[in-house]
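Heavy-atom basis, side chains included; hydrogens, waters and symmetry copies ignored.
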Amino acid sequence: MPLVNGGKIADDSFVKLAVDTPLPEGGDILVPAERFLGEADALLKRSGKVGVIWPNNRDIAELVPYLGKIAAVALVFPTFRDGRAYSQARLLRERYNYRGELRATGQVLRDQFVFMLRAGFDSFEVKKQADAEAFMQTAKRYSVFYQPTGDGRVTALHRRMQLRHSEGVGT
């Protein structure tokens, strides 16, 4: 499954582990939420980065005590019609100030890339290589937004106000 990270097709350093898969001695791992919460201390002490695969039907507040210690949170989109992971992403970025990798996994569709970026996702597991390649074009296509979010982009209104101020209009 191709991974898009930082706007480019990237190699995934994380290995996904099931609940009952033995832990490798080293290397980066992504583990299901139930395993992480049950074995957090042991997982965080091992060498390598630790990430969590977080289902969209689980309260993100359970993860908050560990946010400074984990390298990645993979939020799951079980179907394209289920957008709860968007809310989880915005909570992680805007309320809890999570700055690690925020990965979209599951039903990640190309027509939702921009919305996912705006919600705070910075990496995407896509099903097809063509979708990974399309991501770069999609991300470049939009540069101005009307609605503010936690992604740090200046809205159209604020751009207009900055331009007026720099031209001395209305001062």
What residues, two or more places apart in sequence or in another chain, satisfy side chain to side chain donor-acceptor pair (under 3.5 Å) together with Glu39?
Arg35
Closest non-hydrogen atom pair between Val126 and Val108, with its separation:
CG1-CG1, 4.1 Å
Closest approach of Arg93 and Glu101, non-hydrogen atoms and distance?
NH2-C, 4.4 Å
Using the test side chain to side chain donor-acceptor pair (under 3.5 Å), find all partners of Asp82 that sit at least two apart in sequence or belong to another chain.
Asn56, Arg84
Rounded to the nearest 0.5 Å, how far apart are CZ of Phe121 and CD of Gln112?
10.0 Å
Indicate every side-chain donor-acceptor pair of residues 19-33 with a distance under 3.5 Å to a residue at least two apart or in another chain.
unit_1, atom_1, unit_2, atom_2, d
Thr21, OG1, Ala18, N, 3.1
Asp28, OD1, Lys49, N, 2.9
Asp28, OD2, Ser13, OG, 2.8

For Gln88 and Pro55, which heavy atoms make the closest approach, and how far apart are they?
NE2-O, 3.2 Å
Partner set under side chain to side chain donor-acceptor pair (under 3.5 Å) for Arg46, not counting sequence neighbours
none
Under the criterion ring pair (Phe, Tyr, Trp, His ring centres under 6.0 Å), I'd like the reasoning laid out for Phe113 against Phe124: C-alpha separation, chi angles, the key distance, then a yes or no.
CA-CA 9 Å; Phe113 285 156; Phe124 309 85; 5.8 Å; yes
Review item, side-chain donor-acceptor pairs of residues 70-77, under 3.5 Å, at least two apart:
none

Beyond-backbone contact of Glu34 with Ile53, side-chain heavy atoms, under 4.5 angstrom:
no
In short, Phe80 meets Gln107 closest at the heavy-atom pair N-CB, 3.8 Å
Taking only residues at least two apart or on different chains, which pairs with a member in residues 38-60 satisfy ring-ring contact (aromatic ring centres under 6.0 Å, His included)?
none
